There are 2 protein chains.
Amino acid sequence: MAKASAREQVAPLDRREMAAWHSLIHAHAKVTRQLEADLEAEHGLTLPGYEVLAHLSEAPDRRLRMSDLASFAVLTPSGLTRLVDKLSAAGLVERARCGADARVVYAVITTEGLRRLRAAYPTHLRGVRDYLIDRLGAKQLDALADALGPLSADCPIRL
Amino acid sequence: MAKASAREQVAPLDRREMAAWHSLIHAHAKVTRQLEADLEAEHGLTLPGYEVLAHLSEAPDRRLRMSDLASFAVLTPSGLTRLVDKLSAAGLVERARCGADARVVYAVITTEGLRRLRAAYPTHLRGVRDYLIDRLGAKQLDALADALGPLSADCPIRL
DNA sequence: ACGGAATACTTGCGCGAGCAAACTTCTTGA
DNA sequence: TCAAGAAGTTTGCTCGCGCAAGTATTCCGT
């Protein structure tokens, strides 16, 4: 096998590859920023905050382990700790210890949290539609999930 | 035309729509975090920092207006000011005033900046290939750029 | 030609969040 | 049984970066 020398040149990205990469970055930034601005303005929620509430509301027993919640919400464990601190201070979420394993902590959505989530839901829904889904055809939508889904395969998403 | 009442229910996102939305968030997070970790570890550059250098190196006269650079790099003007401050302190970029319009400032990449960029290029290239492009087929690559490109076509980032 | 609006950039401030290290609790191998 | 190590969470520290306000310059209507 030929070993790559330090001077060996690698082919640069071609136009299509560059376009795919840049469109991913820019589209993501644009969509999430608009969505977050709406949620913030209308309901005082951040996007990660909303997603935490949404995931909890759909989880069995309305609770999830901190570490699982972290990967759902695309946050590091420490990031999730702070976010749950904040949501907890706002009364939207509570912590509960696990009887079986004293290391794990559950985050549980409160009744008030469910209320806020339901109130914010239309805003989020409209945002996802306006900024993403309605700008794509059905084929493009499938292609998008098809292409990007496997990239985050090890981040379990309940679908 | 029926006017939507306050109580009118909107259909929730279906499975495909949810999948597209979540895959966008998770894939973006995964790819950019890995890429940034590599750049940071091997060359002490952040991803936005790398992209600023890359855009400058390809610009006519190796310079771009701050505001143009901001939208390329997916940053707000203020965010770009700090980033250019940092790159400037590291000697990778310089500021230059514009003779024709005293309001505009150009960011210009230095020789040292070009050196650092060239050194980091293989890392970035490999990252984009490993974490994104090589995991997609040619068709998926086109579909991705095709679907996401228009979302940010009009204005790259401005809200 | 002049004063108000628009444009380009920078600063004050604050917050979200990542990394590394510290605890705590559970597991496992000798 | 009892370390040693792994797993889950939290804390200390730090920094990137967005928003709003401030400054400097240019444009435009009258």
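These figures come from a predicted structure and were not determined experimentally. Side chains included, hydrogens not; waters and symmetry mates left out as well; all remaining heavy atoms used.
Comparing D:dC17, D:dG18, D:dT9 by their closest approach to the side chain of A:V105 singles out D:dT9. Taking the side chain of A:V104 as heavy atoms from C-beta on, and the options D:dT25, D:dT11, D:dG8, the nearest nucleotide is D:dG8. Distances from the side chain of A:K86 to the nucleotides D:dA20, D:dC17, C:dG16 place C:dG16 closest. When the nucleotides D:dT25, C:dT10, D:dT10 are ranked by their closest atom to the side chain of B:A102, D:dT25 comes out on top. Distances were taken from every side-chain heavy atom of B:R103 (C-beta onward) to each of D:dT11, D:dA24, D:dG12; the shortest belongs to D:dA24.
If you check the side chains of A:Y131 and A:D38, you find a donor sitting under 3.5 Å from an acceptor.
At whole-Å resolution of the value, CD in B:E40 and C1' in C:dA20 are 14 Å apart. Across the protein-nucleic acid pair, B:L64 atom CG and C:dA8 atom P stand 14 Å apart, rounded to whole Å. Rounded to whole Å, the distance from CG on B:L45 to P on D:dG16 is 12 Å. Computed from coordinates, the A:M66 CE to C:dA17 P distance equals 13 Å when rounded to whole Å. Protein atom CG of A:L47 is 14 Å distant from nucleotide atom C1' of C:dA17, rounded to whole Å. In this structure, CG of B:L83 is placed 12 Å from C1' of D:dC15, rounded to the nearest angstrom. If you measure from atom CG of A:D38 to atom C1' of D:dC19, you get 16 Å, rounded to the nearest angstrom. The distance between atom OH of A:Y106 and atom P of D:dT9, rounded to the nearest whole Å, is 9 Å.
Of the charged side-chain nitrogens involved, none lies within less than 4.0 Å of a carboxylate oxygen, so that B:E36 and B:R33 do not count as a salt-bridged pair. The pair A:E94-A:R63 does not meet the salt-bridge criterion, since no charged nitrogen lies less than 4.0 angstrom from a carboxylate oxygen.
For the pair A:L80 and A:A100, both in contact range of DNA chain C, the more 5′-proximal nearest nucleotide belongs to A:L80. Projected onto DNA chain C by closest heavy-atom contact, A:D101 and A:P48 fall at different nucleotides, the more 5' of which corresponds to A:P48. The residue among A:R82 and A:R65 whose nearest nucleotide of DNA chain D lies closer to the 5′ end is A:R65.
In this structure, B:R62 places its CZ atom where only 12 or fewer heavy-atom neighbours from other residues, nucleotides or ligands lie under 6.0 Å away.
A donor and an acceptor atom sit less than 3.5 Å apart, one in the side chain of A:S78 and one in the base of C:dC19.
The aromatic ring centres of B:H55 and A:H22 sit less than 6.0 Å apart.
Using a 4.0 Å heavy-atom cutoff across all strands shown, A:S67 reaches sugar-phosphate atoms only and no base atom.
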